[in-house]
2 protein chains.
Amino acid sequence: MPRAGLDPAAVVAAAAALADEVGFAHLTMGLLAERVGVRTPSLYKHVGGQEDLNRRIAALAMSEAADAVGGAVQGYAGRDALAAAARAFRAFVLEHPGRYAATIGVEPADRDDPMAVASRRLLGAFRAVLRGYETPESDVDHALRMLRSLCHGFATLQAADGFQWSADIDESFEWLIAFADRGLRAVAAPEVSSPAPPR
Amino acid sequence: MPRAGLDPAAVVAAAAALADEVGFAHLTMGLLAERVGVRTPSLYKHVGGQEDLNRRIAALAMSEAADAVGGAVQGYAGRDALAAAARAFRAFVLEHPGRYAATIGVEPADRDDPMAVASRRLLGAFRAVLRGYETPESDVDHALRMLRSLCHGFATLQAADGFQWSADIDESFEWLIAFADRGLRAVAAPEVSSPAPPR
DNA sequence: GCTTCTGGCTAACAAGATTAGCCAACGGGG
DNA sequence: CCCCGTTGGCTAATCTTGTTAGCCAGAAGC
């Protein structure tokens, strides 16, 4: 029996690709074994089991997302950077729905968990976007959570086919980018915001 | 052997409650059977299987969310309505993480699917919020998707412990409501938005 | 060439979902 | 009140999937 030449990284990469193809929920050890040309139990020589595999897929996905967003932002600032980051993030989730799904519900064990490291990297990419808006320090954390919620929410809802009604989805996403852009500019310069009614 | 007096609604309600307690991923037919005081195979007299059960839990959750948001909005308009809707939605997800998790990744079969009906009801509640902002008809669909993405994203990220860093989460959510409020007012009256720099 | 470690394999087991088939309990009509 | 059909429970058995145990060949270093 010739060796298959596997290692943990190759197994995880194959698992992530398979998850993108068949959906994270349908990713099974048997299917993965077949894909990499090995019997099921052999996988356990490389990963600790399904739980461990999920965590590794999640870490890979988060790291790739951070690369995608970080790379897309390079050389842009302000609205252009925001648009590039948001589009890159959504594109990543839509191209890799399976591996991104693995990130949902995985809480990192500690700060050195690869998943936690990758999450911080992704966050850093979004933080770079905010620098172009000169967001006040006191608002940065909130704005980051807002951006992450918007992107995560939109992408996962679309990936899950959660938008049933008919308006054009790409158009909605561009509208959303414009909305966030206007809002972030207002945060940086609150004095120009519309005069609030008594309430 | 005395009858347990079950029916599909009771089984689904018990399953939803159990999912909230142990987490949707740990909801098992055996656990559910134990909870309702019956042997596992008996459940199949009331629901078609795990897939069917998940869909029913999702429909229940969506319907309850619609009720919560719809009820919270009553009697408010503008920013108050927006805040009430957003808080009600988030509170629902945090109080019922298990059943809400069931809604992720369930795409309704057709327009009469209970899940689809409930989703439209939830959407209607958010649409009512927009009426208070006099959002132009052409922007309503986009704004609805934005609101849904924001609320869904924030609530699911928090439920999954996805916000690792330290800033206060309630405070972030209130900030987010204020952000959406300012933005929606600007959509209704675009002439007061901050003048964009040339780029 | 020997030895050691690694990565494959088969066999076996455990947990969970599901199906088949039986039988008691409830409910309505004689 | 009794009969009978339907319903909802049960046990037993099957299938899928994850996982562990234990064996053995191939690769790598001496």
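Just so we're on the same page: letters track the sequence lines, and every chain starts at 1.
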J.: Under the side-chain hydrogen bond (donor to acceptor under 3.5 Å, both in side chains) test, which residues partner A:Glu171, sequence neighbours left out?
T.: B:His142
J.: Ignoring hydrogens, what is the shortest heavy-atom contact between B:Asp110 and B:Ala116? Give both atom names and the distance.
T.: O-CB, 3.5 Å
J.: What pairs with B:Asn54 under side-chain hydrogen bond (donor to acceptor under 3.5 Å, both in side chains), at least two apart in sequence or on another chain?
T.: none
J.: Just to verify, what does A:Asp170 make a side-chain hydrogen bond (donor to acceptor under 3.5 Å, both in side chains) with, not counting sequence neighbours?
T.: A:Arg90
J.: How many whole angstroms separate atom CG of A:Leu43 from atom C1' of D:dT19?
T.: 11 Å
J.: Which residues in residues 46-60 of chain A have at least one heavy atom lying under 4.0 Å from any atom of DNA chain D?
T.: A:Gly49, A:Gln50
J.: What residues form a side chain to side chain contact (heavy atoms under 4.5 Å, CB included) with A:Glu134, not counting sequence neighbours?
T.: none
J.: Report all side-chain donor-acceptor pairs from residues 16-24 of chain A shorter than 3.5 Å, counting only partners two or more places apart or in another chain.
T.:
| unit_1 | atom_1 | unit_2 | atom_2 | d |
| --- | --- | --- | --- | --- |
| A:Asp20 | OD1 | A:Gly98 | N | 3.0 |
| A:Asp20 | OD1 | A:Arg99 | N | 2.9 |
| A:Asp20 | OD2 | A:His96 | ND1 | 2.9 |
| A:Asp20 | OD2 | A:Arg99 | NE | 2.8 |
| A:Asp20 | OD2 | A:Arg99 | NH2 | 2.9 |
| A:Glu21 | OE1 | A:Arg35 | NH2 | 2.7 |
| A:Glu21 | OE2 | A:Arg35 | NH1 | 3.3 |
| A:Glu21 | OE2 | A:Arg35 | NH2 | 3.4 |

J.: Between the protein and nucleotides 11-16 of chain D, list every N/O to N/O distance that falls short of 3.5 Å.
T.:
| unit_1 | atom_1 | unit_2 | atom_2 | d |
| --- | --- | --- | --- | --- |
| D:dT11 | OP2 | B:Arg39 | NH1 | 3.4 |

J.: Whole-Å distance between D:dG26 C1' and A:Leu6 CG?
T.: 15 Å
J.: Using whole Å, report how far NZ of B:Lys45 lies from P of C:dC26.
T.: 15 Å
J.: Who passes side chain to side chain contact (heavy atoms under 4.5 Å, CB included) against B:Ala58, sequence neighbours left out?
T.: B:Ala102, B:Thr103, B:Val106, B:Met115
J.: Can you sort out the partners of A:Arg39 under salt bridge (Lys or Arg N to Asp or Glu O under 4.0 Å), two or more places apart, ordered by chain and number?
T.: none
J.: Short of 4.0 Å, heavy atom to strand atom, which residues of residues 15-34 of chain B count as contacting DNA chain D?
T.: none
J.: Nearest to the side chain of A:Tyr44, which nucleotide is it out of D:dT19, C:dT19, D:dG8?
T.: D:dT19
J.: Using the test salt bridge (Lys or Arg N to Asp or Glu O under 4.0 Å), find all partners of A:Asp139 that sit at least two apart in sequence or belong to another chain.
T.: none
J.: What pairs with A:Glu174 under side-chain hydrogen bond (donor to acceptor under 3.5 Å, both in side chains), at least two apart in sequence or on another chain?
T.: A:Arg87
